Protein chains: 2
Amino acid sequence: MKKVTMADVAKLANVSKSTVSQYLNKRYEYMSEETRKRIARAIEELGYQPNIIARSLKQKTTMTIGVIVFNILHMLTTQVLHAIEEACQERGFHVIVSNSDDDPEKERKYIEMLRAKQVDGLIIFPTGKNADVYQKMVEERFPLVFIDRMVPGVKADAILLDNQKAAALAVEYFAERGYKRIGVVAPPPVSHIIPRMERIEGFRQALAKKGLPIVDDYFITTEIPYIQNELARLFASGRLPEALFAINDLTLMEVLYFIKGNHIKIPDELAIISIDDVPFAHVYTPTLTTIAQPTFAMGKKAAERLFLQIAKKSEHQPQIFRFSPTFIERGSAKEKNVIRKREVT
Amino acid sequence: MKKVTMADVAKLANVSKSTVSQYLNKRYEYMSEETRKRIARAIEELGYQPNIIARSLKQKTTMTIGVIVFNILHMLTTQVLHAIEEACQERGFHVIVSNSDDDPEKERKYIEMLRAKQVDGLIIFPTGKNADVYQKMVEERFPLVFIDRMVPGVKADAILLDNQKAAALAVEYFAERGYKRIGVVAPPPVSHIIPRMERIEGFRQALAKKGLPIVDDYFITTEIPYIQNELARLFASGRLPEALFAINDLTLMEVLYFIKGNHIKIPDELAIISIDDVPFAHVYTPTLTTIAQPTFAMGKKAAERLFLQIAKKSEHQPQIFRFSPTFIERGSAKEKNVIRKREVT
DNA sequence: TTGTAAGCGTTATCAG
DNA sequence: CTGATAACGCTTACAA
């Protein structure tokens, strides 16, 4: 498959490459109707397709951005990706998606590769463990925005949920309905995963603020695969809380699985609120009360901030954006201690 | 932000660009220990990063493939994308993801753009409406594989579910358990969306084969937003079937929503089987009997076939791969007409 | 209004 | 073992 190049078109149309180039870049203002047509015909005839790689080399811009996610199967990821893709589409950008699998090594390698490929900017759901690499990028003024997680000390744009508020929303809702023994389910808090810390800490503080007991046993913070065990142990000992706050969709799934396996009734025996408005929340029985992240808005904002940086690399003031969660009241948490008839919610 | 190039490294190391190039491509066989070290040091010192764009221009290969999906929020898409990404990762390829939104125009534009960007191949979840464009690619021997849907007349690799079998699996399961009035829920059958046709037709044929009545009213084939209405109309008229086959995750959600709104009992009043093993199938009440697509295997296969084509463009025999669905028996369809105690499944 | 020629940062082909 | 030198396909001054 002989690639046809600009030179071929030029030859056929009897003009020079530069004229063809002008044509392609729609600068036909100073071009005779005549030549324009000849070029158009030549292009048509040869089935010419410009080679953007060559152009990129010259222009030093690829109209491509990279997105590195740490968990491509996470619901938040999918939705944010969707928003980013859409925003890019509008501006003629393309998106290279890479999955770091929450492995800092992989993440580092991807950043390097993507930059070698000359992407115009990077949106990262950071593992949090490559502060040096991130820092280098901001020093070089390479367009960068973090999303979902941020990295302390690295002065870059970050798009985050107001995690503390999300936790408070859950606790307050429970508290106002008479729940006292409230637990949280999360992966282990580790210092470089900020949202996790904020959600767990926010939960603790909200509890304190409401004057509710803080019981260590009710902090189920262990890796996803062990959550079942932990929950089972509590249950067996008869010390299960009355309400549970699941800090994301993955932990929610574990909680639901546990509940199902043990024939526990929601919300009567155990009330549930989770962050992330899972797609089946409204068809589940009972319907699930959740705290939604504005995923679409977040993705869009991330893209916008990136474009801003790309447009004027120099004086960009990095900023942290906290998005407010939305409380979606459904049926998995209700007034406590009220006898009601059995109903489908 | 002066980009440091190979020339800079060469100068600092006191060698020529070609030598540096050799070094970068790990051809140090014929290189003195001495120069190698000098180059390494120079690279280190300058923080040199190769520019892959330049290399691509020369080598005519970008180590990048494009994936065009028609619905980025569909569960199948997410999972297949994950598999593709992983396969690419292993071979050092990158993936540009684009969403055609099932709009042929957009799809066409994307194909063009991506090819202009010199991607080494394309994996497409086709809208089905751009036969001419697809055809041109196969004629040019441009690496291409279709997934999920295929395009009649276009001789390209296609990775598909055995849709007929999937439908038969559902019908047989229902039939063997005494269900007679079985319906299907799907978007409208249109000739260019093959899996839809195959699933609906497969359903019809399986019904015939089992000697079950084929009732027009039980073919609920309308756009997603109208499914509720359609279902409601049937329900109001008292002619709701005993069992429903949902042809994908999106239609399943509609069915579940309807059921929930009308307090219908699964499986006693209405049994359900769907294609796509939704993530909440095992925590739903009752648990959901589904027909899973081997999404991961399909994505992997798609990538493999594409790499095969990329490796030896010339003699590639296009092939259609039919993947067998897996029946996952859970609780949303049971023996019919048997009184059982109420149980949590 | 159009052509010439010099890059862009690599790789590849040959000499040396 | 190393170095010139010519591509790769396009853009962009600068001429004409």
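Everything numeric in this text was worked out from a predicted model, so none of it was measured. Residue numbers start from 1 in every chain, and the chains themselves are labelled A, B, ... in the order their sequence lines are given, proteins ahead of strands.
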Figure out the [atom1]/[atom2] separation between [X] and [N], and round it to whole Å.
| X | N | atom1 | atom2 | result |
| --- | --- | --- | --- | --- |
| A:K117 | C:dC8 | NZ | C1' | 19 Å |
| B:L24 | C:dT11 | CG | P | 6 Å |
| B:Q22 | D:dT2 | CD | C1' | 9 Å |
| B:I53 | D:dT11 | CD1 | C1' | 15 Å |
| B:M6 | C:dT10 | CE | P | 6 Å |
| B:R55 | C:dA12 | CZ | C1' | 13 Å |
| B:L46 | C:dG9 | CG | C1' | 15 Å |
| B:N14 | D:dT2 | CG | C1' | 12 Å |

### Query
Under the salt bridge (charged side-chain N to carboxylate O under 4.0 Å, His left out) criterion, do A:D132 and A:R108 qualify, and how do the steps go?
CA-CA 10 Å; A:D132 54 333; A:R108 175 180 227 106; 2.7 Å; yes
[X] side chain N/O closer than 4.0 Å to the phosphate oxygens (OP1, OP2) of [N]?
| X | N | value |
| --- | --- | --- |
| B:T35 | D:dT2 | yes |
| A:T19 | C:dG3 | yes |
| A:N51 | D:dC8 | no |
| B:K58 | C:dC8 | no |
| A:S21 | D:dT12 | no |
| B:Y48 | C:dT10 | yes |

## Note on the structure
Side-chain atoms of A:S16 come closest, of C:dG3, C:dT10, D:dT2, to C:dG3
### Task
For the residue pair A:F146 and A:Y134, categorise the inter-ring angle as parallel (less than 30°), tilted (30 to 60°) or perpendicular (more than 60°).
perpendicular
### Task
Could you label the plane-to-plane angle of the B:F70 and B:F125 rings as parallel, tilted or perpendicular, counting under 30° as parallel and over 60° as perpendicular?
perpendicular
### B:R305 charged N/C atom sitting above B:F321 aromatic ring, 6.0 Å / 45°
no
### Query
Side chain of A:K17, base of D:dG9: donor and acceptor closer than 3.5 Å?
no
#### Entry: Side-chain H-bond candidate by donor/acceptor type, A:S18 with A:S21, under 3.5 Å
no
### Task
Tell me what A:S56 touches on the nucleic acid: a base, only sugar-phosphate, or nothing, going by heavy atoms under 4.0 Å.
nothing
### Message
Please classify the nucleic acid contact of B:D8 as base, sugar-phosphate, or nothing, using heavy-atom distances under 4.0 Å.
### Response
nothing
### Summary
Judged by nearest nucleotide, the residue sitting upstream toward the 5' end of DNA chain D, B:S18 or B:L57, is B:S18
